[in-house]
Amino acid sequence: MVWMGNQTLIPHFILLGLFTHSPLHFFFFSIIMVMFLVALSANGLMILLINFDSRLHSPMYFFLSWLSLMDLMLISTIVPRMAVDFLLGGGAISFTGCGLQILFFLTLLGDECFLLAFMAYDRYVAISNPLRYSVVMSRRVCWIMVAGSWLFGLVDGLIQAVFTLRFPYCSSQEIDHFFCDVPTVLKLACTDTSLYETMNYVCCMLMLLLPFSVISASYLWILVAVLCMHSTEGRQKAFATCSSHMAVVSLFYGAAMITYMRPQAYHSSKQDKVVSAFYTMITPMLNPLIYSLRNKEVTGALRKLLGRCPCGRETELGWHQQIWDS
């Protein structure tokens, strides 16, 4: 313990976790672990297929491989630690460990926000201006977009991790969550954090609303372009190529906005845990499944990998695909 005046500063935190040791919670914990394994294998397989099958060397799949990597890292930041605490009955986490978890979690969360926006812009260019698609979405541009996503996420995560742990903590050690989430950690501070909480709220709104505005604008223009198409088949292909991304965006942004855009007075610990479990565990598991189950190119690459079709066979790509090896 460290003394500050007449207050005792706590040396570490204790994560209360998501479950208690009841039979029902053991069942839910087992489901979480199955989801974790599915997320690891599905995202890992998606990265493998995209990198080793030349038919998937296009900007859309390039972004998808990075989304899979981010999902894999995000779920790995949360679930293994939660599982160890649940099985061993611990929960103690140092200030440094808590800060690193905040850093990694918010960095990856910010990365996905901006990457999903760039993926929406990619679909807009592919549908609205297909003749210039390979020029506008060049390899260099795509790498700049991915680097920008990581930079924005890292800056946000670093700022929030540093400022959150600069406050003195001298009340209860118990964090009523299964990971170090900034709003929950701030409840334990023994000083006024209202100004920082307001700034943090504004920052979260910007990190969510700016990319979401790009996504909304992109799909608005896509809708206009699709309605102007005279071919029914063209409309169906356009909707097919965008529906998977729209489903992923709805899952991710829906849960994130419920968590970070509500005033603190409307938060409850149980509700926050459930919503957090959704976008830290369920969404990373569903993303690769959503993209692969409805995508003929991905399923074709999987069959090729498994040796169920001749290795030299090439299937024709959709009208929006561009081979990206040049």
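Reckoned from all heavy atoms, side chains included, excluding hydrogens, waters and symmetry mates.
Of all non-hydrogen atoms in Glu112 and Asn287, the two that sit nearest each other are OE1-ND2, 4.4 Å. Pairing each heavy atom of Leu206 with each of Pro211, the nearest pair is O-CD, 3.8 Å. Here the shortest heavy-atom pairing between Leu56 and Val298 reads CD2-N, 4.4 Å. Nearest heavy atom pair, residue Gln160 against residue Cys204, reads NE2-SG, 4.2 Å. Summarising the geometry of Asn43 relative to Ser68, their closest heavy-atom pair is OD1-CA, 3.3 Å, with the distance given to 0.1 Å. Minimum interatomic distance between Gly157 and Leu103 (heavy atoms only, all atoms of both residues): C-CD1, 3.6 Å.
Side-chain atoms of Asp156 never come within 3.5 Å of backbone atoms of Phe152 as a donor-acceptor pair (strictly under, hydrogens ignored). Counting only distance, with no hydrogens or angles, the side chain of Asp181 and the backbone of Pro183 share no donor-acceptor pair below 3.5 Å. Side chain of Gln173 to main chain of His12: a donor-acceptor pair is present (N/O by atom type, distance under 3.5 Å, no hydrogens or angles). Checked by atom type and distance alone, the side chain of Asp71 never pairs as donor or acceptor with a backbone atom of Ala39 at under 3.5 Å. Between the side chain of Gln101 and the backbone N or O of Cys180, at least one donor-acceptor pair lies under 3.5 Å. In this structure, the side chain of Ser41 engages the main chain of Val38 through a donor-acceptor pair within 3.5 Å. Panel note: side chain Tyr253, backbone Cys113; a donor-acceptor pair is recorded below 3.5 Å.
Ile144 and Leu115 end up in different hydrophobic clusters when Ile, Leu, Val, Met, Phe, Trp and Tyr side chains are linked at under 4.5 Å. Transitive grouping of hydrophobic side chains (ILVMFWY, heavy atoms separated by less than 4.5 Å) brings Leu74 and Leu151 into a common cluster. Ile159 and Leu100 fall into different hydrophobic clusters, where Ile, Leu, Val, Met, Phe, Trp and Tyr residues are linked whenever their side-chain heavy atoms come under 4.5 Å apart, directly or through other members. Transitive grouping of hydrophobic side chains (ILVMFWY, heavy atoms separated by less than 4.5 Å) keeps Val84 and Leu40 in distinct clusters. Hydrophobic clustering of Ile, Leu, Val, Met, Phe, Trp and Tyr side chains at less than 4.5 Å, counting indirect connections, keeps Met199 apart from Leu209.
For the pair Trp66 and Met145, the minimum side-chain heavy-atom distance is 4.5 Å or more. Counting only heavy atoms from C-beta outward, the side chains of Phe29 and Val34 never approach each other to under 4.5 Å. Within the 4.5 Å cutoff, the side chain of Phe118 has heavy atoms near those of the Ser149 side chain. Put simply, the side chain of Ser94 does not reach to within 4.5 Å of the side chain of Phe13, judged on heavy atoms. Between Phe36 and Ile31 there is no side-chain heavy-atom pair separated by less than 4.5 Å. Within the 4.5 Å cutoff, the side chain of Ile14 has no heavy atoms near those of the Ile175 side chain. Side-chain atoms of Phe52 and Lys304, non-hydrogen and from C-beta on, never get closer than 4.5 Å to each other. Residues Tyr124 and Met119 are not in side-chain contact: their nearest non-hydrogen atoms beyond the backbone lie 4.5 Å or more apart.
Annotation for Trp221: atom CH2 does not count as buried by contact number, only 12 or fewer foreign heavy atoms lying within 6.0 Å. Surrounding CZ of Phe167 are more than 12 heavy atoms belonging to other residues, nucleotides or ligands, all under 6.0 Å away. Taking a 6.0 Å sphere around CZ of Phe212, one finds it holds 12 or fewer heavy atoms contributed by other residues, nucleotides or ligands.
Ring-plane geometry between Phe252 and Tyr279 is classed as perpendicular, the angle between the planes exceeding 60 degrees on a 0 to 90 degree scale with a lower cut at 30.
Note that the NE2 atom of His25 and the CG atom of Leu18 stand 7.5 Å from one another [nearest 0.5 Å]. Note that CG of Asp122 and SG of Cys142 are 6.5 Å apart. Values are rounded to the nearest 0.5 Å. Expressed to the nearest 0.5 Å, how far OG of Ser218 lies from CD1 of Ile127 amounts to 10.5 Å. Remark: Leu154 CG to Leu106 CG distance equals 11.0 Å, nearest 0.5 Å. Rounding to the nearest 0.5 angstrom, the gap separating the CD1 atom in Ile50 from the CE atom in Met60 is 8.5 Å. Annotation: the span from Glu174 atom CD to Lys187 atom NZ amounts to 13.5 Å, rounded to 0.5 Å.
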Using the side-chain contact (heavy atoms from CB on, under 4.5 Å) rule, take Leu116 and Tyr121 through it: C-alpha gap first, then chi angles, then the decisive distance, then the call.
-> CA-CA 9 Å; Leu116 289 172; Tyr121 177 75; over 6 Å; no
Can you check side-chain contact (heavy atoms from CB on, under 4.5 Å) on Met33 and Val79, steps first, answer last?
-> CA-CA 8 Å; Met33 295 311 299; Val79 175; 4.1 Å; yes
List the steps, then state whether side-chain contact (heavy atoms from CB on, under 4.5 Å) holds for Val141 with Val136.
-> CA-CA 8 Å; Val141 170; Val136 176; 6.0 Å; no
Assess whether side-chain contact (heavy atoms from CB on, under 4.5 Å) is satisfied between Val146 and Trp150, documenting all intermediate values.
-> CA-CA 6 Å; Val146 170; Trp150 280 101; 3.8 Å; yes
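Between Phe178 and Phe19, the distance from one ring center to the other does not fall under 6.0 angstrom. Aromatic rings from Phe179 and Phe105 are positioned such that their centres are separated by under 6.0 Å. The distance between the ring centers of Trp143 and Phe62 falls below 6.0 angstrom.
Side-chain polar atoms of Asp53 and Tyr61 form no donor-acceptor pair below 3.5 angstrom. In this structure, a donor-acceptor pair under 3.5 Å is present between the side chains of Thr193 and Glu197.
The side-chain hydrogen bond (donor to acceptor under 3.5 Å, both in side chains) search around Ser276 returns His177, not counting sequence neighbours.
Residue pairs meeting the side chain to side chain donor-acceptor pair (under 3.5 Å) criterion with at least one member in residues 74-91, sequence neighbours excluded, are Arg81-Asp85.
Of the charged side-chain nitrogens involved, at least one lies within less than 4.0 Å of a carboxylate oxygen, so that Asp176 and Lys273 count as a salt-bridged pair.
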